[in-house]
Structures are given as C-alpha cells and as structure tokens.
Peer 1: 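Sending over a structure as structure tokens; questions will come in a sec.
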Amino acid sequence: VQVVESGGGLVQPGGSLRLSCTASDSFYAMEWYRQVPGQQRELVARITGGGIVYYDDSVKGRFTISRNDRKKTVYLQMNSLKPEDTATYYCQLDGSYWGQGTQVTVSS
C-alpha cells in the first residue's frame with residue numbers, strides 16, 4: 001500500500017493550506033501527524049470509516065479533516081495557521097502505512 005501526501009508549502013500567519021493524502025488502496029482510518037526536528041511525531045487529526053473525527057486541542061476550530069472514499073483521499077484543511085504549525089506533516093493509513101511527508105512552513 002502506498003500513501004502520498006501533497007499540498008504543503010510556505011504560507012503567512014493567518015493563511016490557509018489544504019493537505020491531501022492519497023492511498024493506493026481503500027482504507028478504514030487515516031491519521032495526520034506532524035513532526036518538528038528533534039521532537040516526537042504528534043497526532044493532529046484522525047478520521048475513521050464511520051466518519052468519526054478527532055483533533056488535537058492545538059488545532060481544534062482551525063483544522064478540518066475530511067475524506068473522499070471514491071478518490072481514496074483524506075484532506076486536512078488548515079486555516080488560521082500559526083508559526084507553531086510549522087512542521088513536516090505525515091499521514092498514516094490504518095495505523096500501518098506512512099507517507100513521505102509534506103513540509104508546512106508558516107512564516108512572514
């Protein structure tokens with residue numbers, strides 16, 4: 001199973017980005033994590049096959065996770081971005097398969 005993230009980039013504080021994570025096969029659950037060099041990877045958001053979602057407190061109200069099963073893709077809409085959101089964002093499929101990551105930099 002292959003997992004590919006896209007959509008990262010450089011954005012100013014207060015701006016928005018939408019990350020995409022596309023899998024080569026159908027899946028039940030997908031999670032978005034982020035990691036800053038020298039720190040542990042942390043869970044940002046999760047969506048299950050039943051549409052149950054979870055958000056870390058640091059992103060609640062600003063990030064929205066959604067899925068398109070026909071496209072085998074999960075999205076992470078990130079609004080009101082802050083410099084502390086700067087990290088490499090990874091998605092994980094069904095708790096097993098990781099993508100290569102996409103860099104998000106929030107800076108003026």
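Remember, predicted model here, so these are calculated numbers, not experimental data.
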Peer 1: Minimum heavy-atom separation for L81 to R62, with atom names?
Peer 2: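 Taking every non-hydrogen atom into account, CA-NH1, 3.9 Å.
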
Peer 1: Looking at Y97, I want to see if its OH is surrounded by more than 12 non-hydrogen atoms of other residues, nucleotides or ligands under 6.0 Å.
Peer 2: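 Incorrect, the count does not exceed 12.
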
Peer 1: Are side-chain heavy atoms of T86 and V36 found at a separation under 4.5 Å?
Peer 2: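 Not in contact.
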
Peer 1: Does the ring of Y54 carry R46 above it, NZ/CZ under 6.0 angstrom from centre and within 45° of its axis?
Peer 2: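 Cation-pi check for R46 and Y54: passes.
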
Peer 1: Hey, are the side chains of L43 and E31 touching, using non-hydrogen atoms and a 4.5 Å cut-off?
Peer 2: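 Sidechains of E31 and L43: in contact.
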
Peer 1: Side-chain contact, heavy-atom cut-off 4.5 Å: W32 with I47?
Peer 2: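 When only atoms from C-beta onward are counted, I47 and W32 do not touch, as no gap falls below 4.5 Å.
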
Peer 1: Using modelled atom types only, decide if a donor and an acceptor are shared between the side chain of Q12 and the backbone of S108 within a distance under 3.5 Å.
Peer 2: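 No.
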
Peer 1: How about P13 and P83: do any of their side-chain heavy atoms sit closer than 4.5 Å?
Peer 2: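 P13 vs P83: side chains touch.
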
Peer 1: Heavy-atom distance under 4.5 Å between the side chains of V74 and I65, does that happen here?
Peer 2: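 Yes. Closest side-chain heavy atoms under 4.5 Å.
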
Peer 1: Could you tell me whether the side chain of D94 and the main chain of S96 form a donor-acceptor pair under 3.5 Å?
Peer 2: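 No, because the side chain of D94 does not come within donor-acceptor range (under 3.5 Å) of the backbone of S96.
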
Peer 1: Does NZ or CZ of R67 lie under 6.0 Å from the centre of the six-membered ring of Y75, at an angle within 45° of the ring axis?
Peer 2: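 Not satisfied by the 6.0 Å and 45° rule.
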
Peer 1: Quick check against the 3.5 Å criterion: does Q100 have a side-chain atom that pairs as donor or acceptor with the backbone of E5?
Peer 2: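 Answer holds: yes.
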
Peer 1: Do Q77 and S66 make a side-chain contact, defined as non-hydrogen atoms from C-beta onward lying under 4.5 Å apart?
Peer 2: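 Heavy-atom side-chain distance check fails, nothing below 4.5 Å.
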
Peer 1: Check the surroundings of atom CD in Q40: do more than 12 heavy atoms from other residues, nucleotides or ligands lie under 6.0 Å from it?
Peer 2: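 No, because the 6.0 Å sphere around CD of Q40 holds 12 heavy atoms or fewer from other groups.
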
Peer 1: Step through the shown structure and confirm whether more than 12 heavy atoms of other residues, nucleotides or ligands are within 6.0 Å of CD on Q103.
Peer 2: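 Yes, the 6.0 Å shell around CD holds more than 12 heavy atoms from other groups.
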
Peer 1: So, does T73 use its side chain to make a donor-acceptor pair with the main chain of K71 at under 3.5 Å?
Peer 2: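 Confirmed, T73 side chain pairs with K71 backbone.
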
Peer 1: Hey, are the side chains of V106 and V104 touching, using non-hydrogen atoms and a 4.5 Å cut-off?
Peer 2: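 Yes. Closest side-chain heavy atoms under 4.5 Å.
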
Peer 1: Side chains of D85 and R34, heavy atoms from C-beta outward: is any pair under 4.5 Å?
Peer 2: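 A side-chain contact under 4.5 Å exists here.
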
Peer 1: How long is the straight-line distance from CD of E42 back to OH of Y33, given to the nearest 0.5 Å?
Peer 2: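 Going from the OH atom of Y33 to the CD atom of E42 covers 10.5 Å.
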
Peer 1: What are the two closest heavy atoms between S24 and K72, and how far apart are they?
Peer 2: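 S24 and K72 have their closest heavy atoms at O-NZ, 3.9 Å.
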
Peer 1: In terms of relative ring orientation, are F63 and Y89 parallel, tilted or perpendicular, with 30° and 60° separating the classes?
Peer 2: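 Plane angle between 30° and 60°, so tilted.
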
Peer 1: What closest approach, in Å, do S80 and S16 show between heavy atoms, and which atom pair accounts for it?
Peer 2: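 Residues S80 and S16, closest heavy atoms: N-OG, 4.3 Å.
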
Peer 1: Out of curiosity, N79 CG to T64 OG1, how far, rounded to the nearest 0.5 Å?
Peer 2: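 Between N79 CG and T64 OG1, I get 6.5 Å after rounding to 0.5 Å.
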
